[in-house]
Amino acid sequence: MTINEYQEGARRTAIYPSSRAIIYPTLGLTGEAGEVADKVKKVIRDNNDEFTPERRHQIALELGDVMWYAASLAHDLGYTLDEICQMNLDKLASRMQRDRIHGEGDER
């Protein structure tokens with residue numbers, strides 16, 4: 001499956017008001033990213049820093065939810081996931097060429 005095929009599949013299950021486009025998937029994305037972080041935190045707290053296959057699987061399932069919301073948000077913004085990924089790689093390549101990969105800020 002390509003990333004755009006994934007995005008198309010995710011769109012078939014996107015049920016939220018069109019009046020909440022952009023807003024709904026943004027809020028979902030942040031919530032799901034928090035769930036990924038929470039599962040990782042619990043590995044530290046409850047599992048002595050051991051990422052067992054079961055814990056990895058639980059995190060992977062949450063990461064899938066992150067992907068769903070990212071795919072929906074990209075669509076609402078008018079982009080395919082392929083375009084989003086390419087823009088990100090182009091940005092990172094530019095930073096590498098200009099020796100600006102370290103540091104902070106979007107416009108480095």
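Heads up: numbering here begins at 1 and tracks the sequence. Here the structure is a predicted model, which means the values were calculated and not measured.
Between the side chain of Ser94 and the backbone N or O of Asp90, no donor-acceptor pair lies under 3.5 Å. A donor-acceptor pair is defined here as one N or O able to donate and one able to accept, closer than 3.5 Å; such a pair exists between the side chain of Asn4 and the backbone of Asp82. Between the side chain of Gln7 and the backbone N or O of Leu81 there is at least one donor-acceptor pair closer than 3.5 Å.
Under the 4.5 Å side-chain contact rule for hydrophobic residues, Met1 and Ile3 share a cluster. Cluster annotation: Tyr69 and Leu77 are assigned to the same hydrophobic cluster (Ile/Leu/Val/Met/Phe/Trp/Tyr, side-chain heavy-atom contacts under 4.5 Å, transitive). Placement of Ile22 and Tyr79 within a single hydrophobic cluster is found when ILVMFWY residues are connected by side-chain heavy-atom separations under 4.5 Å, directly or transitively.
Contact between Ile84 and Ala74 at its shortest, heavy atoms only, is CG1-CB, 3.9 Å. The minimum heavy-atom distance linking Tyr6 with Ala71 is given by the pair CE2-CB, 3.9 Å. Listed here is the closest heavy atom pair of Leu29 and Ala70: CD1-N, 4.1 Å.
Through side-chain heavy atoms spaced under 4.5 Å, either directly or across other Ile, Leu, Val, Met, Phe, Trp or Tyr residues, Leu27 is tied to Ile23. Chaining together hydrophobic side chains whose heavy atoms lie under 4.5 Å apart places Leu92 alongside Met96, Ile101.
The closest side-chain heavy-atom distance from Glu32 to Val36 is not below 4.5 Å. Under the 4.5 Å side-chain criterion, counting only non-hydrogen atoms from C-beta, Arg55 is in contact with Asp46. Annotation: side chain of Asn47 is not in contact with side chain of Lys42 (no heavy-atom distance under 4.5 Å). The shortest distance between side-chain heavy atoms of Thr13 and Trp68 falls below 4.5 Å.
Summarising the geometry, atom OG1 belonging to Thr80 is positioned 10.0 Å from atom CD belonging to Gln86; distances are rounded to the nearest 0.5 Å. The structure places CD1 of Ile59 at 11.0 Å from CD of Glu54, a figure rounded to the nearest 0.5 Å. The distance from the CZ atom of Phe51 to the CD1 atom of Ile44 is 6.5 Å, given to the nearest 0.5 Å. To the nearest 0.5 Å, the span separating CZ on Arg56 from CG on Leu61 amounts to 14.0 Å. The CD atom of Glu62 sits 4.5 Å away from the CD atom of Glu35 when rounded to the nearest 0.5 Å.
With sequence neighbours excluded, no residue satisfies side chain to side chain donor-acceptor pair (under 3.5 Å) with Asn48. Partners of Lys91 by side chain to side chain donor-acceptor pair (under 3.5 Å), not counting sequence neighbours: none found. Residues forming a side chain to side chain donor-acceptor pair (under 3.5 Å) with Glu5 (at least two apart in sequence, or on another chain): none. Applying the side chain to side chain donor-acceptor pair (under 3.5 Å) rule to Tyr16 yields the partners Arg11, Asp76; only residues at least two apart in sequence or on another chain are considered.
A 6.0 Å sphere centred on CZ of Arg95 holds more than 12 heavy atoms belonging to other residues, nucleotides or ligands.
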